[in-house]
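Treat the numbers as computed from the prediction; the structure is a model and nothing was measured. What you see below is based on every heavy atom in this structure, not just the backbone, and it leaves out hydrogens, waters and symmetry mates.
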Amino acid sequence: MELRQITYFIAIAEAEHFGKAALRLRVAQPALSRQIRQLEAELDLELFERLPRGVRLTPAGRTLLAELRGIPSQIDRAVATARAASAGLHGALRLGFIEAAAWQGLVPDAIRAFRAGFAGVELTLAALPTAEQLAALRRGEMDAALIYNPLPASDLTAIALERHPVVLAVPAGSALADRAEVRLSDLVGQPLIGFQRQASPKFFDDIHAGFRAVGYTPRYIAELMAETEILALVSAGAGIALANSSQMWRPPHGVRFIPVVDLKVSLQLALVHRKGHVSPVLDHFLGILTAQVRGTRATNKGPNRSD
């Protein structure tokens, strides 16, 4: 049974006349009659009673009509949905992100813009540590990950977005808390809370390269895996820590953030996806991200700067 035969059958059943159906379909009546005879032969059923002035459905024809009536519209919907998916207007986007990046700026702005512009796409969000995002990405459980300082990987593509400076987090009661800025020399003698290298190798190495450049040897009282745990200890007054400046948008109770003028270290936020796996939906989201990055750079550059 072909879609054309189904369409012809429904038209004749509704018009109860081969000639009227042929006019409606803009098909020659002999061709229409031939298709229905072939359909009846294939099904081994009589679908119409031929009358002097038109036709009437047989019981078998009425039953078949009831079952087939919605098929053309279902096919139209399926085709429209497929076209929307091809254009990135329908489907799903599974996105992972680092929590610190989602409080303000690029990531939440892009998510809001994507939801507004692509309401037909089901957006699934998951705040996960970097290692868990990359594992989910490789298993095909996630379409893209927003992480900091991605390491080179042969099976992944990383698209750099923006850099977030590193700042010093101190307890509100610290002697440094009222300072507008600090230098690394101000950290001498202070109890320092840091990252374990395996949590973020590039961040760890960049920080310690900065320390070596000024001859500073840190004295760690704790080295942890998660920035939230580090800031919790800072809040408790246990020590000071270097942290992502994005944390300034949701400061823990009793924590102050201060720029470190002689530490030129930042965290590179990037979107990572499996190499060769960019769906139309992901392409739209990436377009929103990159457009916002360009807009931010243009704003920061200003009309009177040449850099």
Q: Please indicate whether E46 has more than 12 foreign heavy atoms, meaning atoms of other residues, nucleotides or ligands, lying under 6.0 Å from its CD.
A: no
Q.
Surrounding CZ of R56 (heavy atoms of other residues, nucleotides or ligands, distance under 6.0 Å), is the total greater than 12?
A. no
Are [X] and [Y] ion-paired here, with the side-chain N under 4.0 Å from a carboxylate O?
X: D186; Y: R183; answer: no
X: R256; Y: D178; answer: no
X: R50; Y: E40; answer: yes
X: D155; Y: R274; answer: no
X: R37; Y: E42; answer: no
X: E122; Y: R94; answer: no

Find out whether [X] and [Y] are in side-chain contact, i.e. whether some heavy atom of one side chain is under 4.5 Å from a heavy atom of the other.
X: L65; Y: R62; result: no
X: L271; Y: F97; result: no
X: I98; Y: Q133; result: yes
X: I288; Y: D109; result: no
X: I207; Y: L242; result: yes
X: N244; Y: V166; result: no
X: L51; Y: V55; result: no
X: R53; Y: E16; result: no

Q. Got a sec, which residues hit side chain to side chain donor-acceptor pair (under 3.5 Å) with R163, two or more places apart in sequence or on another chain?
A. S266, Q268
State whether the side chain of [X] and the backbone N or O of [Y] hold a donor-acceptor pair below 3.5 Å, judged by distance alone.
X: S235; Y: L231; value: no
X: T157; Y: H273; value: no
X: K202; Y: P150; value: no
X: S174; Y: L176; value: yes
X: N149; Y: L267; value: no

Closest non-hydrogen atom pair, [X] against [Y]:
X: L32; Y: F18; answer: CD2-O, 3.5 Å
X: V170; Y: I240; answer: CG1-CG2, 3.7 Å
X: L192; Y: A241; answer: CD1-CA, 4.1 Å
X: I221; Y: P191; answer: CG2-CB, 3.8 Å
X: L282; Y: D143; answer: CD2-O, 3.7 Å
X: K264; Y: V261; answer: NZ-O, 2.9 Å

Aromatic ring centroids of [X] and [Y] under 6.0 Å?
X: F195; Y: F203; value: yes
X: F9; Y: F48; value: yes
X: F114; Y: H284; value: no

Q.
For T7 and E2: C-alpha separation, side-chain torsions, deciding distance, then whether side-chain contact (heavy atoms from CB on, under 4.5 Å) applies.
A. CA-CA 9 Å; T7 303; E2 300 176 4; over 6 Å; no
Q. How far apart are the C-alpha atoms of R212 and T217, what are their side-chain angles, what is the distance that settles it, and do they pass the side-chain contact (heavy atoms from CB on, under 4.5 Å) test?
A. CA-CA 7 Å; R212 288 193 299 272; T217 301; over 6 Å; no
When rounded to the nearest 0.5 angstrom, what distance separates [atom1] in [X] from [atom2] in [Y]?
X: T228; Y: E99; atom1: OG1; atom2: CD; value: 7.0 Å
X: L125; Y: I111; atom1: CG; atom2: CD1; value: 5.0 Å
X: L47; Y: L64; atom1: CG; atom2: CG; value: 6.0 Å
X: I159; Y: L269; atom1: CD1; atom2: CG; value: 11.5 Å
X: R24; Y: K20; atom1: CZ; atom2: NZ; value: 12.0 Å
X: R250; Y: Q104; atom1: CZ; atom2: CD; value: 13.0 Å

Q. Parallel, tilted or perpendicular: which describes the rings of Y216 and F211, with under 30° parallel and over 60° perpendicular?
A. perpendicular
Q: Indicate whether the side chain of S246 and that of H164 have a donor and an acceptor atom separated by less than 3.5 Å.
A: yes
Identify whether [X] and [Y] are in the same connected component of the hydrophobic contact network (ILVMFWY, side-chain heavy atoms under 4.5 Å).
X: V27; Y: L23; answer: no
X: I147; Y: M225; answer: no
X: I10; Y: I71; answer: yes
X: F204; Y: L233; answer: no
X: L151; Y: L137; answer: no

Q: Report the C-alpha distance between R219 and V188 in whole Å, list the side-chain angles of each, state the deciding distance to 0.1 Å, and finish with yes or no for side-chain contact (heavy atoms from CB on, under 4.5 Å).
A: CA-CA 8 Å; R219 179 173 66 87; V188 174; over 6 Å; no
Q: Applying side-chain contact (heavy atoms from CB on, under 4.5 Å), run through V214 and D262 and close with a yes or a no.
A: CA-CA 9 Å; V214 297; D262 56 348; 4.1 Å; yes
Q) What residues join W103 in its hydrophobic cluster, counting side-chain heavy atom gaps under 4.5 Å, either direct or through other members? A) W249
